[in-house]
Amino acid sequence: MVPAIARPQLDLELRGIRKRYGNFTAVDGVSLKVKKGQFVCLLGPSGCGKTTSLRCIAGLEEPDDGDILIGGKEVTRDPPWERDIAMMFQDFALFPHMTVAKNVAFGLEMLKKPKAVIVERVQQVLKSFEIDALANRKPGSLSGGQRQRVALARAMITEPRILLLDEPIGALDYSLRETVMLELKMLQQRTGISFIWVTHDQNEAFSLGDLVVVMNHAKIEQQGPPEEILQRPATAFVASFVQGNNVFRGKVLRAADSLLEVETPAGSFLVPGAGLALGSDVSFSVRAENLTDITGDHHLNRLTARCTAVEYFGSVRRHIFERSDGELLKYDQFGAHAARIAAGQVATLGWRPEDTVLHTGIAG
Ligand code: ATP
């Protein structure tokens with residue numbers, strides 16, 4: 001007999017989820033696999049379908065097509081309380097008339113747990129979230145950071161398999177966000193609960209996510225670890241959504257030795273790639289830090305343009321150039337170098353073909 005191969009169970013699987021509102025498609029064939037204890041960030045511009053996807057997972061919306069599996073069990077038509085999930089909203093949705101302790105106890109009370117169990121567990125959770133001193137206060141008298149902890153404690157008390165978070169730190173002061181992000185990441189790692197975190201902020205997604213899922217117009221454009229999304233954007237949309245990329249569009253002019261020569265309105269450039277017919281429409285990108293104004297023989301791609309602005313951020317000096325096709329070109333110089341290019345100056349920038357990324361993905 002062939003021994004059974006143990007397959008690691010997925011915490012969540014979406015298979016071709018589609019959700020329409022009248023004629024409008026808010027989520028269009030979204031498929032996703034979330035491994036046990038993964039931190040997943042759904043990232044994308046406003047209106048791309050992140051929240052609707054999350055609401056389908058939560059059971060607050062029923063998809064028109066597709067299947068949702070949680071912990072290997074099909075739950076597509078199950079109500080929220082029969083799914084092994086909890087949800088935390090941007091406004092925290094705390095009950096204003098209840099004390100902190102009552103708010104935190106709510107999930108266990110809904111599950112009709114014995115009173116003694118609830119009292120003990122609430123105490124434990126209040127302590128571990130360091131909000132025990134606030135137990136008898138009402139949400140209205142708490143700071144944003146404290147309300148956030150209470151909301152998190154309330155969501156996590158039932159120990160769900162998955163915590164769904166919709167822009168959970170969007171309402172916090174900028175100065176608090178970094179601390180809260182670090183705390184949440186540590187909490188997620190400690191508990192092993194999978195987090196599905198919706199955000200339009202790429203810094204949040206890249207610093208927190210094990211898996212970043214970039215959405216646009218109701219579809220997934222690319223999913224992968226943060227480094228992959230940053231270094232190898234699969235589509236022109238992902239490249240332009242991620243800070244620091246210069247995106248070019250053009251047609252394949254020549255192809256040889258795994259290099260394509262692509263003609264764009266800003267000039268012709270060499271891009272690694274093969275197997276494309278001459279004349280094919282392509283797009284590619286190069287990161288702003290991979291450009292140089294001290295060009296050598298290996299910087300086969302060159303572009304001469306006028307610098308319109310120089311911004312100095314301490315660790316990086318960003319130069320903005322105007323390309324001949326009217327688009328902007330960004331050139332970042334890292335480190336404490338003396339300024340070499342001033343606004344108004346015309347300069348030639350170069351980069352190596354191997355620092356150029358051909359976009360090979362199709363949104364789906
Ligand atoms: P944001 O970051 O602004 O919250 P999002 O990516 O989360 O955006 P969704 O809230 O999922 O986007 O909305 C996706 C699209 O579906 C939007 O165009 C929105 O207007 C539309 N939509 C969402 N809910 C409904 C609804 N109940 N009825 C009609 N259209 C809806």
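Numbering of ligands and ligand atoms starts at 1, following listing order.
The side-chain tip of Arg149 does not point at the ring of Phe129 from less than 6.0 angstrom away and within 45° of straight on.
Residues that satisfy the salt bridge (Lys or Arg N to Asp or Glu O under 4.0 Å) test with Lys330, not counting sequence neighbours, are absent from this structure. With sequence neighbours left out, the ring pair (Phe, Tyr, Trp, His ring centres under 6.0 Å) criterion links Phe269 to Phe248, Trp351.
For ligand 1, the protein residues placed under 4.0 Å by at least one non-hydrogen atom are Tyr21, Phe24, Ala26, Pro45, Ser46, Gly47, Cys48, Gly49, Lys50, Thr51, Thr52.
With hydrogens and angles disregarded, a donor-acceptor distance shorter than 3.5 Å links the side chain of Asp64 to the backbone of Arg20.
Side-chain contact check for Thr99 and Asn136: no donor-acceptor pair (N or O, by modelled atom type) lies under 3.5 Å.
Residue pairs satisfying the side chain to side chain donor-acceptor pair (under 3.5 Å) criterion with at least one member in residues 291-310, sequence neighbours excluded, are listed as follows: Asp293-Tyr331, Asp293-Arg340, Thr304-Thr348.
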